[in-house]
Amino acid sequence: MANLTLVYGMRLLPADEIAAVGDAPVTLNNGNEAHVTMHVLEGSREQIEAQLRMSIDAFFDFYPEI
């Protein structure tokens, strides 16, 4: 299997200041563009960490061959 790259970003902002979250563009070497779906997790630090762990586990469940 080829090497893979996981693309992600994180930033903490006050929950009541978020108006919208869109896709993030990724430019590929061949000139095509892909999009990364952005996810929003809210709560206390502990709640956000727990949700993030579950989200990562679920993400890799989509790719059992990895």
Side-chain angles (χ1 to χ4, degrees):
M1 173 177 281
N3 286 332
L4 303 170
T5 300
L6 176 64
V7 178
Y8 71 98
M10 290 192 287
R11 179 158 182 182
L12 285 174
L13 298 165
D16 59 349
E17 291 187 12
I18 306 290
V21 177
D23 291 345
V26 177
T27 303
L28 306 177
N29 284 332
N30 65 7
N32 289 338
E33 189 172 271
H35 294 273
V36 176
T37 301
M38 304 303 288
H39 298 269
V40 176
L41 303 175
E42 294 181 336
S44 67
R45 176 182 173 158
E46 293 79 15
Q47 291 169 325
I48 290 172
E49 287 177 349
Q51 291 175 63
L52 182 58
R53 283 188 203 98
M54 287 180 10
S55 181
I56 291 169
D57 288 342
F59 175 80
F60 283 104
D61 285 345
F62 286 117
Y63 302 98
E65 68 277 5
I66 296 177

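- Checked against Q51 for a side chain to side chain contact (heavy atoms under 4.5 Å, CB included), the options E49, R53, Q47 give a single hit: Q47.
- In this structure, I18 places its CD1 atom where more than 12 heavy-atom neighbours from other residues, nucleotides or ligands lie under 6.0 Å away.
- Here the straight-line distance linking atom CG of L6 with atom CD1 of I66 works out to 9.0 Å at 0.5 Å rounding.
- No side-chain heavy atom of T37 sits less than 4.5 Å from a side-chain heavy atom of H35.
- Applying the ring pair (Phe, Tyr, Trp, His ring centres under 6.0 Å) definition to pairs two or more places apart or across chains, those involving residues 40-66 are F59-Y63.
- Here the CG atom belonging to N32 is positioned 4.0 Å from the CG atom belonging to N30, to the nearest 0.5 angstrom.
- Between A24 and M38, the shortest heavy-atom distance links the atoms CB-SD, 3.8 Å.
- Each of L52, L41, I48 was scored for a side chain to side chain contact (heavy atoms under 4.5 Å, CB included) with M10, with one residue passing: L52.
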